[in-house]
Amino acid sequence: EEEEKDRLSDLPDAVLQHIMNFMNTRDVVRTCVLSKRWNNLWKHVTTLSFSSLGKVLFYNKFVPKFLANRDASTSLIDLNIEVYGFKAPNLTRIAKYAAQHNAQHLEITTQYNFRGMPTSFFPLMFSCHSLTSLVFGTCVSNPPIKLPKSLFFPTLKTLHLFNVRFDGGIDHHCVEPFSACSVLSTLTLEGYSFCNDADTFCITNSSLSILKIWDNIIFSDDQLSSTCDLPFLEEVNIKILSSPMKYSVVAGWLQYKRVRGERQREHVN
Amino acid sequence: MKMMKPYVWLQTSDDSIQQVEQEIAMFCPLICQEIIQKGMGSSKNCAICLPQQVSPAMLSLILDYCRFHQVPGRSNKERKSYDEKFVRIDTERLCELTSAADSLQLKPLVDLTSRALARIIEGKTPEEIRDIFHLPDDLTENVEVEEEHVDDRSVDDLLSFINGNDGGKLNILTILIFVFT
């Protein structure tokens with residue numbers, strides 16, 4: 001008899017919703033048929049997790065319906081999306097929803113067959129003034145995703161980009177994407193390709209303290225601008241497995257700072 | 001600064017009172033508040049009354065968890081592997097543990113057990129979930145009543161994305177909930 005107890009129902013709504021935050025959103029919605037109590041619990045989930053691998057048709061219909069039915073007064077905290085063949089209007093819809101519902105952490109990974117972000121995507125993200133962390137990129141088998149040449153994330157503290165590129169535009173200026181991220185403290189560039197051959201790249205940021213540059217970086221040595229300005233840089237972590245030459249180039253590029261007496265740690269793995 | 005007393009008296013839901021290392025018990029924010037703000041727990045007579053969710057068995061589990069994580073110098077890998085083993089318990093106790101940890105505001109443990117419960121629920125059909133947790137099904141009887149109001153076109157539209165995930169009855173329920181909310 002003891003074994004038949006329904007202990008799950010002893011948990012308060014807030015804990016049940018917390019459990020849902022660790023589930024993918026499709027399964028979260030399915031809990032609405034468990035019992036009357038579970039009918040509306042899913043609407044208050046604060047973590048959305050969409051992975052459309054093998055379910056592209058499903059997700060393209062599910063996402064707008066889910067967003068329309070979720071409780072609009074509940075803020076969003078985490079949004080994790082793995083994009084496989086999402087329709088552009090859906091990505092725009094998600095970005096808009098995230099901005100309107102005070103999303104704080106965003107993780108967007110795009111996969112094969114990805115045709116680029118809709119043009120409205122980044123402006124919407126820039127308008128999301130609750131955003132504190134962003135992970136964004138595409139898998140290595142894809143061409144790098146082109147990003148706007150300047151990122152206006154006024155509240156972002158952590159930024160992790162992988163397999164992306166910046167474009168200096170027709171006049172091939174120095175690309176300086178991070179100077180407008182005024183509270184950024186940790187920047188990770190992974191599997192990264194620096195802009196066009198004719199552009200130079202520099203990292204200028206008045207708040208950055210940790211910089212991580214990881215493998216698969218594609219650039220030519222003369223693209224690294226010597227005007228990097230990172231007054232608060234404390235820690236540099238460079239991991240370039242494929243090419244020791246590139247390591248020394250990047251290390252040399254950041255040498256600029258060490259001359260000015262900043263505390264730095266560099267690692268070669 | 002006031003000297004830390006090494007032991008603290010705790011009273012569990014069965015009214016039994018036990019002595020616990022204060023350093024360990026202080027891991028639980030609720031106990032910490034009782035000690036610091038109310039000066040409770042210093043003797044058997046003013047034992048800290050724990051929430052009713054905390055049975056002696058759950059308290060002992062929670063203290064094991066705190067005792068392990070309180071030791072400095074453990075690697076993340078060690079902690080992770082301890083955590084994984086720690087939640088390998090039957091679902092009923094896992095629920096009880098979640099409830100007890102939540103009542104003591106012990107967030108890392110609530111996260112750990114919630115994640116474990118999420119893993120149990122994820123990917124299962126509603127029937128399977130009800131079976132595992134002994135959840136009574138109080139929805140089925142309402143299906144026919146609500147069904148009358150459904151706009152057929154919306155159902156067709158929605159069917160295409162829910163289709164193939166659950167049994168037919170549950171599909172309709174899911175759709176109903178989408179349509180009427």
Side-chain angles (χ1 to χ4, degrees), chain A residues 1-47 49 51-52 54-72 90, chain B residues 53 90-99 101-103 107 110-127 129-130 132-140 142-143 154 157-158 160-167 169-181:
Chain A
E1 290 295 304
E2 269 293 309
E3 286 162 29
E4 294 296 301
K5 274 188 184 152
D6 167 21
R7 296 283 183 197
L8 195 63
S9 297
D10 291 344
L11 296 172
D13 285 357
V15 174
L16 294 180
Q17 279 150 1
H18 191 58
I19 293 170
M20 290 182 183
N21 286 335
F22 295 104
M23 293 163 52
N24 78 62
T25 306
R26 180 169 161 263
D27 283 337
V28 167
V29 175
R30 291 166 90 198
T31 63
C32 72
V33 294
L34 285 177
S35 75
K36 281 179 187 159
R37 185 183 173 202
W38 288 76
N39 258 195
N40 294 314
L41 282 177
W42 66 275
K43 293 182 184 173
H44 303 273
V45 70
T46 58
T47 299
S49 184
S51 173
S52 54
K55 308 182 196 86
V56 175
L57 287 175
F58 171 84
Y59 269 93
N60 275 322
K61 289 193 171 188
F62 173 76
V63 167
K65 285 183 199 302
F66 172 80
L67 296 180
N69 285 283
R70 184 181 173 271
D71 178 72
N90 255 346
Chain B
Q53 291 91 326
D90 64 73
T91 50
E92 204 176 304
R93 277 171 80 213
L94 194 57
C95 290
E96 275 183 85
L97 184 59
T98 311
S99 177
D102 175 59
S103 73
K107 190 157 187 325
V110 177
D111 284 352
L112 177 65
T113 55
S114 294
R115 189 173 276 125
L117 285 168
R119 230 168 281 145
I120 293 169
I121 297 170
E122 229 174 12
K124 301 224 171 43
T125 66
E127 284 102 333
I129 298 168
R130 280 196 213 100
I132 292 167
F133 293 101
H134 314 295
L135 270 178
D137 177 6
D138 58 2
L139 275 171
T140 319
N142 300 325
V143 173
S154 313
D157 177 37
L158 287 159
S160 63
F161 79 94
I162 300 279
N163 210 9
N165 296 325
D166 300 313
K169 178 185 82 181
L170 294 161
N171 285 342
I172 293 165
L173 264 172
T174 313
I175 291 155
L176 279 168
I177 286 146
F178 267 103
V179 171
F180 287 108
T181 46

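Proteins come first, then strands; the chains are lettered A, B, ... in the order of their sequence lines, and each starts at number 1.
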- side-chain contact (heavy atoms from CB on, under 4.5 Å) with A:F22: which of B:E122, B:R119, B:R115? B:R115

- Message: So, taking the atom named CG in A:L8 and the one named OG1 in B:T91, what distance separates them when rounded to the nearest 0.5 Å?
- Response: 8.5 Å

- Smallest separation among heavy atoms of A:R7 and B:C95, with atom names: CB-CB, 3.4 Å

- Most contacts with chain B, counted as non-hydrogen pairs under 4.5 angstrom, among A:D27, A:L34, A:D10, A:L16: A:L34

- Closest non-hydrogen atom pair, B:H134 against A:K5: CD2-O, 3.5 Å

- Message: Do A:D6 and B:P136 make a side-chain contact, defined as non-hydrogen atoms from C-beta onward lying under 4.5 Å apart?
- Response: yes

- Task: Please state whether the side chain, the backbone, both or neither of B:D111 comes within less than 4.5 Å of a heavy atom of chain A.
- Result: both

- Message: Does any part of the side chain of A:L11, heavy atoms only, come nearer than 4.5 Å to the side chain of B:D102, both counted from C-beta?
- Response: no

- Nearest heavy-atom approach of A:K36 to B:D138 is N-OD1, 2.7 Å

- Of the non-hydrogen atoms in B:P126 and A:R30, which two are nearest, and what is the gap between them? CG-O, 4.2 Å

- Message: Tell me the closest heavy-atom pair linking A:V33 and B:R130, and the distance in Å.
- Response: O-NH2, 2.7 Å

